[in-house]
Amino acid sequence: MRQKVQLGLAVTLISAAMPAFAANPVNQGNDAWVEMQQRVEQAMPPEANPGAFTIDDGKALFFKKAGPNNKDLSTCDFGLGPGVVKDAYAQLPRYFPDTGRVETLEGRLLTCMEKIQGFTPEQVKEKFLMPMYKTSGEEDGTGSDLVRLTTYIAAQSNGEPFKIKLDNAEEKKSYHLGEYMFFHRWGEMDLNCATCHAYNERTVRGVPLPNLLDTHTAGKIAAAFPAYVIKDGTMRTQWWRNERCVMAMRLPWIETGSPLDAALTLFLRIQATKSDVKINIPGVKPRA
Amino acid sequence: MNKQITSIIGASIFLMAQGNVLAADSALPDAPSWAESQKHISYDEFMKAARQSFPYATPEQYKLRVENDFTLKTCNATLDQPNAEQSAAIVKFEKARLKMPADGKLLGDWKNGEVVARGTTGDRIGFADADNPNHPNGANCFACHVMIPGQPGGNMGPSLVGYGKRGQSPAILKYTYEHVYDAKMLVPCTIMPRYGGEGHLLTASQVADIVAFLTDPQSPVNQPEAAQKQ
């Protein structure tokens, strides 16, 4: 503890001399948020987490034949080869040469619905995207097939830490796009993500804020999504979590799988990759 | 004292250097930085990605919410550290935006001011939890400020408890109105949102109500904790 305080002091002093570090405290102990999250996890231990059922629902959907081609999704390539789901989430988002895009897990599922099951982009939107969008409001426990599928695939990385390599130009570009979005001030409230998520001691209405640049905190958060949100009574993905804050900043609705969605997710998961926190789905969150 | 600090700084620089070596090994980027992000991505490139990522926004919403105006462009480009000349330019730009209430009264109704200050919604758009545009917007001042003794508030801004001790002279009312309508006119690049004017949350008369909420001796902002209802 004492050491932490001293280091904090030193970093503060260094910050004064080196402005580049001013907004970037890393790993100084985001204690109040970590403790709050621990209390939530104690109140709903894994065996009591209803999100476990969503994993089974997602599995059933994954192996169900559908679409014009009457095929299931079991040959979808999540980056490790067709049909390999084990460990895939721990390495997403990643660049896919077949689409020329950096894709999140949700984005990749949508791609496979088109490429394998033969749905048109319009059908994918109507059958999968819109239902997820329309059920993402507070206290709407309906859930959606895209979230169920995402939860099933993500859970196949349980026990593994995030290990994104960022070893090609497209992913590096996307990472920096996410970094840019994290710091860029915009929207009706002149805010950036950093205002609320780049410091250890900040609170909103007395509630401690997670410092997403603290790699342990970033790891805890990335490893928990898709998470069961108690207030909503349903599972929510990382896209949803980011969308809630984008909406609070009064920015427009962010498209799942879009360049900024993928970039932001990649940016946050690189911070998680720097931690040793292991994926543990379904996580649990009290509310948005 | 100085010696101790020097050695802590030395140790920290050593630790940071080590961190960089580790980062280089795993080929992961260094700690995120606002300055670094701008070396890789330009504003125009970012806006191009934004247009692909916000497909449901109207041209009006792009103009007012997605694009940076002069002030935010300057704040982003200078990482919130505008120099004297840039600050003066922001102040000039914001002064031109400032509008007074139609009836000229800076002091509104403190009870409505409390409702507006507490409100957390307004102007949210999209598929879920979008706000009714006919419903008055809230400002969520409590997110960043402690406003009422004993009630939860945020710590990103200074506590405003007892603000009314400054009185209700014309100068105080003007300062308070300007700070809520357009904080960046007084503190260029402050994290406090600009609340007044096109593309922001509040009307001039709502701002005047908040001025009353802050300065009226009867307002809970200026009452001791024991006098609060709950």
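Letters go in sequence order (proteins before strands), and every chain restarts at 1. Quick caveat, the model's predicted, so the values are computed rather than measured.
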If I measure from the heavy atoms of chain B, does [X] come under 4.5 Å with its side chain, its backbone, both, or neither?
X	result
A/L191	side chain
A/I164	backbone
A/M249	neither

* **Distance-only polar pair, side chains of A/R205 and B/N140, donor-acceptor under 3.5 Å** =>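 Yes - a donor-acceptor pair under 3.5 Å links their side chains.
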
* Would A/S144 and A/Y133 count as having a side-chain donor-acceptor pair, cut-off 3.5 Å? ->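 Looking only at side-chain atoms, A/Y133 and A/S144 do not form any donor-acceptor pair under 3.5 Å.
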
Counting heavy-atom pairs closer than 4.5 Å to chain B, which one of [options] comes out on top?
options	value
A/V204, A/L260, A/L209	A/L260
A/Q271, A/M189, A/E255, A/R250	A/R250
A/H184, A/M247, A/K134, A/E138	A/H184
A/L166, A/I254, A/V207, A/T273	A/I254
A/P252, A/G206, A/S258, A/G137	A/P252

Under 3.5 Å, is there a donor-acceptor pair between the side chain of [X] and the main chain of [Y]?
X	Y	result
B/N137	B/L202	no
B/D69	B/L72	yes
B/K184	B/M192	yes
B/H200	A/E188	yes
A/Y175	A/L264	no

Is it the side chain or the backbone of [X] that comes within 4.5 Å of chain A heavy atoms, both, or neither?
X	value
B/D80	side chain
B/Y195	side chain
B/N155	both
B/F46	both
B/N68	side chain
B/E36	both
B/Q52	both
B/T58	neither

* Take A/C245 and A/C196 through the test disulfide bond (SG atoms under 2.5 Å apart) and record every step on the way to the result. => CA-CA 10 Å; A/C245 282; A/C196 295; over 6 Å; no

* Asked: Based on non-hydrogen pairs under 4.5 Å, which of B/K39, B/Q61, B/E45 is most in contact with chain A?
  -> B/E45

* Which residues satisfy the side chain to side chain contact (heavy atoms under 4.5 Å, CB included) test with A/E35, sequence neighbours excluded? ->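 By the side chain to side chain contact (heavy atoms under 4.5 Å, CB included) rule, A/E35 matches A/D31, A/Q38, A/R39.
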
* Is the distance between the ring centroids of A/W253 and B/F127 less than 6.0 Å? ->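 They qualify: ring centres under 6.0 Å apart.
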
* To do: Answer with yes or no after comparing the ring centroid distance for B/Y175 and B/H179 against a 6.0 Å cut-off, counting only values under it.
  =>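 Yes; B/H179 has its ring centre under 6.0 Å from that of B/Y175.
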
